[in-house]
Amino acid sequence: MDKSYNHEQFEEKIYKLWEKSKAFMPQERKSSSGKQEKKPFTVIMPPPNANDDLHIGHARFVAIEDILVRYHRMKGEPTLWLPGADHAGIETQYVFEKKLAKEGKSRFDYDQDTLYKMIWAHVMKYKGNMENQLRALGASCDWSRNKFTLDPNITKIVHNTFKKLYDDGLVYRGERIINYCPRCGTAFSQLEVKHVEQDDEFYYLNYGSITIATTRPETIFADVAIAVNPKDTRYQKLIGKSAILPLVNRELPIIADTLVDPEFGTGALKVTPGHDATDFEIGQKHNLPRIAVIDESGKMINTPKKYIGMRTKKAREVVVNDLKEAGKMKKIEKIHHTIGVCYRDQSLIEPMLSKQWFIKVESLSKKAFAAIKKGQVKFAAKRYEKIAKHWLKNLYDWNVSRQIVWGIRIPAYRCQKCLEWTITDGKTPDKCISCSHTKLIQDTDTFDTWFSSGQWPFATLQTGKAGDFERFYPTSVMETAYDILPFWVIRMIMLGIYVAGDVPFKDVLIHGLVRDKEGQKISKSKGNVIDPIEMTKKYGADALRMAVVWGALIENDMSLSEDNVRGQRNFANKIWNIARFVLANPSGKRTKRNEDDNEVIKDLRKTSKRVTRLMEKYRLSEAAEEIYDFIWKRFANDYLEKTKNRREEAQKTLELVLQESLKLLHPFMPFVTEAIWQTGKERFDSPILITASWPKG
RNA sequence: GGUCGUGUAGCUCAGUUGGCUAGAGCGCCGCAUUCACAUUGCGGAGGCCACAGGUUCGAGUCCUGUCACGACCACCA
């Protein structure tokens, strides 16, 4: 054995050894007495986006899940960790469009089919890359069951689910105010809109009999009424009268609605149902028309001629100027308020009218809520249960259509004669369901990525090997980051219950983010990124894995610095050198244990017991520290030193303690422990560590 | 405005039904070198556990309030 552990020399070889041993696949381990196999332990990997390298956050989830999986595998449970990749609709298209822009091209230079194929090629490259990075981190997942969200049999399931929802009356196509990003050219769901605070101008405009205040004067042409609060004494006598829209002198009715806040602005609201969600609601109640003055590219329409075609920002300037000239601008104030921006590119979200496919969520979310309440889904950290429940109670109907090509095309076909829609399970229909006309055209929209990934646990198992779904569903634990709890976790519960008839997982383990050593969020713009692959190359996968679970509870954010990784590399070297010491001597024959031997074995058992208990409670950082402390302090610094003048006598005990230490540490640091095991395997109780038996407490 | 959460050594964090003489890693200081490992060993400094009240034989741990910070949500045009 070398003087220090050289990870580069072992990692690839050992990964291949594991794969060859088939340990990554769930093993049938019927006991000799013919009893049933142990209950399987199943984890569906949150599929990383197939559009980029893994980042440090991925390294943390890989470490956490792999630790759990390896632990349960060693306990002899048939263990399945099912890997996959996500096509990540909007994110991937966004990345790809940036790449096109660099070449001076845009998505509008290609037809839908060509663009789709180009993105496909791009994604396939990154998908393979990403999978190799998972291997480099030591992920012991079953590659024979690897899945991609755009696999034909997965999209088939997604189509079926949509059809089922439609047949059950849970899908409708509705004109609603949607969150539209003109730059991305697509609508977003409620969850994909970020709110940021900013200062803006607040314009007070003269509408004849009444003054209104607005931040968006360019939308006045879409006004259809003025609303005041019915209790507002200032305006009560104006209700039923009319106001005059400046610049175009259109008459607007003054109506009363309780949604108007009398404290805000002048207490009078310009009702613009075409470009504001609240106004839309008011408009519906009062049966008002809807006018759109901004189109999908963010340009003005349906306005006086001079504004048509202007971008909204420019239009605002010109309108403000015209209002001033017309003497209709009473005053301008500053206002600090919150606006919606695209979570992807931070550009302003335009609320606008659009026809989209919606899913009625109420019946689904109620069942999901009940499942959590009944404990069918348990959250390892209670505070996330609260958040999940909060979300399930506050969901709007889910807009699942996106105006992008990169995704699963919605199986909705529109009749060219009667304009009715025919929904199928993916097949092109022969004829329209309402008029039997035979010319139909498919909707060009694709599904929200979360609609397909919300079906991931049952979709992956139903399209896997025969019997997988029956054997592994519901899965044991869903481990994922808190920032996608509302996007993903609650949708999986909703759709899992609805389609597969049972919750998708029994436990939810939410992990926190990895931050830099000052506790700052990691981002490319801050320049504080920690590249997991670079760390792996420099210090070894074991060191990185240990570092990303070390020092903070799984559910909390953690700070990581290179020093932490280096420290764990030192620990890997420590166990290597312990082994070097122990394995240097020939295996002892019969030996007499003295008090030191007995004590260390007793402590080993205590440690094993504690570690096991901590693992069951997902307290991985404490388990890691327990093992670290035992191996470094108790075993190396204390016991091992005491054996130096009685090597032969203590040899058997040294080997036993080493063997059990390697087992305890293996889930955390799989490579170095297996490397040692293979070096001295004739002295240990299994030919390969990955499937050796977990120490008894 | 609402919800969730956080404030413990220089830094990053543990401290799970109240018993702590408050811990770990990193950092810092001193000493040790042909011993499995300097990717090391031994020793050490460093904390009114945010603040103020309360419950209790006993509170870092429970309750109330205050202050500070963070995340998320919301129809304030």
Side-chain angles (χ1 to χ4, degrees), chain A residues 1-6 177 190-191 193-195 200 202-203 212-217 219 223 226-227 257 259-272 275-282 335-340 351 381-391 393-394 482-483 485-486 512-513 515-519 521 539-540 543 546-547 550-553 555-585 613-614 617 619 621-622 624-626 628-629 632-633 636-637 640-641 643-644 654:
Chain A
M1 285 175 89
D2 290 344
K3 210 171 160 188
S4 57
Y5 171 62
N6 179 5
I177 289 287
Q190 166 201 7
L191 301 179
V193 179
K194 277 190 61 164
H195 293 88
D200 271 315
F202 201 32
Y203 304 95
I212 63 97
T214 180
T215 53
R216 307 188 62 199
T219 65
D223 291 357
I226 300 295
D257 198 293
L259 283 174
V260 180
D261 177 2
E263 305 289 314
F264 192 81
T266 64
L269 166 73
K270 71 188 205 53
V271 182
T272 318
H275 293 288
D276 184 278
T278 310
D279 296 13
F280 181 87
E281 210 180 315
I282 295 175
I335 184 173
H336 188 76
H337 68 155
T338 327
I339 55 149
K382 280 227 177 59
R383 73 170 191 264
Y384 292 115
E385 180 178 318
K386 282 189 200 168
I387 294 173
K389 282 181 171 169
H390 175 85
W391 271 108
K393 275 197 171 156
N394 291 289
Y482 64 70
D483 54 352
L485 194 154
L513 308 179
R515 295 170 176 274
D516 75 4
K517 62 171 180 252
E518 270 99 37
K521 208 164 177 173
Y539 299 109
M546 193 73 162
W550 182 268
L553 295 177
E555 66 260 33
N556 289 345
D557 288 358
M558 71 159 332
S559 293
L560 181 70
S561 71
E562 196 167 331
D563 281 344
N564 300 137
V565 186
R566 192 184 307 116
Q568 295 304 336
R569 187 272 318 262
N570 295 353
F571 179 50
N573 191 54
K574 191 71 191 178
I575 183 106
W576 175 263
N577 271 288
I578 293 171
R580 195 161 158 244
F581 177 85
V582 173
L583 300 177
N585 270 16
R613 208 180 54 224
L614 291 166
K617 288 155 78 178
R619 302 187 72 90
S621 60
E622 285 166 272
E625 283 164 42
E626 196 77 48
Y628 182 99
D629 191 66
W632 201 319
K633 303 258 169 76
N637 293 358
L640 188 143
E641 288 300 326
T643 65
K644 281 184 177 169
L654 282 166

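Labels below follow one simple rule: chain letters A, B, ... track the order of the sequence lines, proteins then strands, and each chain is numbered from 1.
The side chain of A:W391 lies closest to B:rC73 when the candidates are B:rC73, B:rU39, B:rU12. Looking at the side chain of A:L269, the nearest of the listed nucleotides B:rA77, B:rU39, B:rU40 is B:rA77. Residue A:N573 places its side chain closer to B:rC37 than to any other of B:rG5, B:rC37, B:rA14. Checked against B:rA36, B:rG41, B:rU16, the side chain of A:K617 finds its nearest nucleotide in B:rU16. Listed nucleotides B:rA77, B:rG5, B:rG41 differ in distance to A:D261; the shortest reach to its side chain belongs to B:rA77. Among B:rA77, B:rC75, B:rA24, the nucleotide with an atom closest to any side-chain atom of A:T215 is B:rA77.
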(request) Please test A:T219 against A:K270 for side-chain contact (heavy atoms from CB on, under 4.5 Å), starting from the C-alpha separation and ending with a verdict. (result) CA-CA 10 Å; A:T219 65; A:K270 71 188 205 53; 2.8 Å; yes
(request) List the steps and the verdict of side-chain contact (heavy atoms from CB on, under 4.5 Å) for A:N637 and A:K574. (result) CA-CA 10 Å; A:N637 293 358; A:K574 191 71 191 178; 4.2 Å; yes
(request) Might you work through the side-chain contact (heavy atoms from CB on, under 4.5 Å) test for A:I177 and A:D276, ending with a clear yes or no? (result) CA-CA 7 Å; A:I177 289 287; A:D276 184 278; 5.8 Å; no
(message) Applying side-chain contact (heavy atoms from CB on, under 4.5 Å) to A:E622 and A:K617, what does each step give before you reach the verdict?
(response) CA-CA 10 Å; A:E622 285 166 272; A:K617 288 155 78 178; over 6 Å; no
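One atom, CG of A:N585, and another, P of B:rA36, lie 9 Å apart when rounded to the nearest Å. As rounded to whole Å, 12 Å separates atom P of B:rG41 from atom CG of A:L640. The nearest whole Å value for the distance from the CG atom in A:N394 to the C1' atom in B:rC4 is 13 Å. Atom CD in A:E625 sits roughly 12 Å away from atom C1' in B:rU12 (whole-Å rounding). Rounded to whole Å, atom C1' of B:rC76 lies 11 Å from atom CD of A:E263. One atom, OH of A:Y203, and another, C1' of B:rA77, lie 14 Å apart when rounded to the nearest Å.
Residue contacts shown for A:A636 include a base, since a base heavy atom lies under 4.0 Å away. In this structure, A:T338 reaches the bases: a heavy-atom distance under 4.0 Å links it to at least one base atom across the strands shown. Across all strands, A:D563 comes closer than 4.0 Å only to sugar-phosphate atoms, never to a base (heavy-atom distances). At the heavy-atom level, A:R619 lies under 4.0 Å from base atoms of the strands shown. A:K574 comes within 4.0 angstrom of a base, heavy atoms only. If you check every strand for non-hydrogen atoms under 4.0 Å, A:T278 touches a base. Heavy atoms of A:A552 sit under 4.0 angstrom from primed sugar atoms or phosphate atoms, though from no base atom. At the heavy-atom level, A:R383 lies under 4.0 Å from the strands shown only through sugar-phosphate atoms. Using a 4.0 Å heavy-atom cutoff across all strands shown, A:E281 reaches no nucleic acid atom at all. At a threshold of 4.0 angstrom between heavy atoms, the contacts of A:L560 with the nucleic acid are absent. Among the heavy atoms of the strands lying under 4.0 Å from A:A213 is at least one base atom, whether or not backbone atoms are also near.
Judged by distance alone with a 3.5 Å cut-off, no donor-acceptor contact links the side chain of A:K3 to the base of B:rC37. Side chain A:E626 to base B:rA24: no donor-acceptor pair is found below 3.5 Å.
Across all strands shown, B:rU40 pairs with B:rA32; the Watson-Crick or G-U wobble distances both stay below 3.5 Å. Base pairing of B:rA45 is not made with any nucleotide, judged by Watson-Crick or G-U wobble geometry with both donor-acceptor distances under 3.5 Å. Pair assignment for B:rA71: B:rU3, on the basis of Watson-Crick or G-U wobble contacts that are both within less than 3.5 Å. Partner assigned to B:rG60 is none, using Watson-Crick or G-U wobble distances below 3.5 angstrom. With a 3.5 Å ceiling on both atom-pair distances, B:rU17 lacks any Watson-Crick or G-U wobble partner. Of the nucleotides present, B:rA50 is the one that pairs with B:rU66 by Watson-Crick or G-U wobble criteria, both distances under 3.5 Å. Of all nucleotides present, only B:rA24 satisfies the Watson-Crick or G-U wobble test against B:rU12, with each distance under 3.5 Å.
Here A:H195 does not reach the OP1 or OP2 of B:rC72: none of its side-chain N or O atoms lies under 4.0 Å away. The shortest distance between the side-chain N/O atoms of A:H390 and the OP1/OP2 oxygens of B:rC73 is not below 4.0 Å. OP1 or OP2 of B:rC42 sits under 4.0 Å from a side-chain N or O of A:N637. Phosphate contact (OP1/OP2 of B:rG41, side-chain N/O of A:K633, threshold under 4.0 Å): absent. At B:rC73, none of the side-chain N or O atoms of A:K194 fall inside 4.0 Å of OP1 or OP2 (strictly under the cut-off). Not one side-chain nitrogen or oxygen of A:R613 sits closer than 4.0 Å to the OP1 or OP2 atom of B:rU16. Here A:W550 does not reach the OP1 or OP2 of B:rC26: none of its side-chain N or O atoms lies under 4.0 Å away. Using a 4.0 Å cut-off, no side-chain N or O of A:N577 falls inside it from OP1 or OP2 of B:rU39. Checking the phosphate oxygens (OP1, OP2) of B:rG25, no side-chain nitrogen or oxygen of A:N570 falls inside 4.0 Å.
In terms of position on RNA chain B, the residue among A:Y628 and A:E518 whose nearest nucleotide sits closer to the 5' end is A:E518. In terms of position along RNA chain B, the nucleotide closest to A:N556 lies nearer the 5' end than the nucleotide closest to the other residue of the pair A:N556 and A:F571.
Comparing the P positions of B:rC48 and B:rA22 gives a spacing of 13 Å, expressed to the nearest Å. Taking atom C1' on both B:rA68 and B:rU21, the two are 32 Å apart, rounded to the nearest angstrom. B:rA9 and B:rC20 have their C1' atoms separated by 15 Å, with the value rounded to a whole Å. Comparing the P positions of B:rC49 and B:rG60 gives a spacing of 8 Å, expressed to the nearest Å. Taking atom C1' in both B:rC31 and B:rG23, one finds a spacing of 25 Å when rounded to whole Å. Taking atom C1' on both B:rG46 and B:rU64, the two are 34 Å apart, rounded to the nearest angstrom. When the C1' atom is used for both B:rG47 and B:rU12, the distance is 16 Å, rounded to whole Å. To the nearest whole angstrom, the two C1' atoms, one in B:rU33 and one in B:rC42, are 13 Å apart.
Residues A:K517 and A:E562 have side chains not in contact (no heavy-atom distance under 4.5 Å, counting atoms from C-beta outward). Contact check for A:L640 versus A:F581: side-chain heavy atoms found under the 4.5 Å cut-off.
Not one N or O on the side chain of A:D557 forms a donor-acceptor pair closer than 3.5 Å with the backbone of A:G512. With hydrogens and angles ignored, the 3.5 Å screen pairs a side-chain donor or acceptor of A:H275 with a backbone N or O of A:P351. The closest donor-acceptor contact from the side chain of A:Y628 to the backbone of A:F571 lies at 3.5 Å or more, if one exists at all.
A 6.0 Å sphere centred on NZ of A:K389 holds more than 12 heavy atoms belonging to other residues, nucleotides or ligands.
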